[in-house]
*Asks:* 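Attaching a single structure in structure tokens format; questions to follow.
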Amino acid sequence: MTSASCFFLIVAFCASFSFIQCQNYNKFKDKHIVEDQAQINCNITIKDRQINKDSCRFRNTFIHDTNGRKIRELCSPYVRSTLVPSDSALALTDCKLLKSRSSSPSSGCSYNQTEVKGVVYVTCENQLPVHFERFELSFAVHCTPCLWTLSLFILFRYLF
Ligand SMILES: *[C@@H]1O[C@H](CO)[C@@H](O)[C@H](O)[C@H]1NC(C)=O
Ligand SMILES: *[C@@H]1O[C@H](CO)[C@@H](O)[C@H](O)[C@H]1NC(C)=O
């Protein structure tokens, strides 16, 4: 193989690789990113974005982050890393499937939704978010350490 064809092979490989990366990010964006202040309806947004395939998705969380700006910034230092937490609580709309036997993507999937604030954990690949892992309510994030301290304090008071 000439060095020129080798060069083009590498370029093609890199191009397809970054194409796959963009695809993954676009999928992530479709599934999890909505505008900052948007009032969304899970039933409609999940249907419009074709998030359900053969069966109704059990749960889906949307992050209110216009153009995914905050989440992309969060991933910017990482080549590959799982469970990257956001450094602050973000506005989220959490959609949970309402249990009903008839529900299917063709008949329409029905969701119960809650607006919460939480720290999100995402997988980053090549500076882009590609997977939403989970979120923790900001109450839990902020209060777990102080609850631990408080219970240790009470325990010590009790023992000594
Ligand atoms: C989604 O649809 C179900 C069933 O029609 C309804 O009970 C529920 O309130 C809807 N959710 C929203 C957010 O409108
Ligand atoms: C929807 O979620 C809220 C909050 O978690 C809950 O209180 C309510 O009972 C749920 N509604 C239905 C129909 O499941």
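All heavy atoms count here, side chains included; hydrogens, waters and symmetry mates do not. Whatever order the structure lists them in is the order used to number ligands and atoms, beginning at 1.
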*Asks:* At a 4.0 Å threshold, what atoms of ligand 1 neighbour a non-hydrogen atom of S110?
*Replies:* 2 (O), 3 (C), 4 (C)

*Asks:* Verify whether one side chain among E35 and Q37 offers a donor that lies under 3.5 Å from an acceptor in the other.
*Replies:* no

*Asks:* Considering all heavy atoms of both residues, which atom of D65 and which atom of D36 are nearest to each other, and what is their separation?
*Replies:* CA-OD1, 3.3 Å

*Asks:* Should you measure from each heavy atom of N43, which atoms of ligand 1 turn up under 4.0 Å away?
*Replies:* 1 (C), 2 (O), 3 (C), 8 (C), 10 (C), 11 (N), 12 (C), 14 (O)

*Asks:* Could you tell me whether some N/O pair between N112 and ligand 2 is separated by less than 3.5 angstrom?
*Replies:* yes

*Asks:* Is atom 9 (O) of ligand 1 touching the protein, meaning some protein heavy atom lies under 4.0 Å away?
*Replies:* no

*Asks:* Is atom 14 (O) of ligand 2 near the protein, in the sense that some protein heavy atom lies at less than 4.0 Å from it?
*Replies:* yes

*Asks:* Among side-chain atoms of R72 and Y25, is any donor-acceptor pair under 3.5 angstrom?
*Replies:* yes

*Asks:* Going by atom types alone, do T61 and D94 pair a side-chain donor with an acceptor below 3.5 Å?
*Replies:* yes

*Asks:* Under 4.0 Å from a heavy atom of N41: give me the atoms of ligand 1 that qualify, with their elements.
*Replies:* 12 (C), 13 (C), 14 (O)

*Asks:* Would you find a donor on one side and an acceptor on the other, under 3.5 Å apart, between the side chain of H131 and the backbone of V122?
*Replies:* no

*Asks:* If you round to the nearest 0.5 Å, how far is CD1 of I46 from CG of D30?
*Replies:* 12.5 Å

*Asks:* If you count the atoms of ligand 2 from 1 in the order shown, which ones are under 4.0 Å from a heavy atom of L98?
*Replies:* 12 (C), 13 (C), 14 (O)

*Asks:* Given V116, D94, T114, identify the one with the heavy atom nearest to atom 4 (C) of ligand 2.
*Replies:* T114

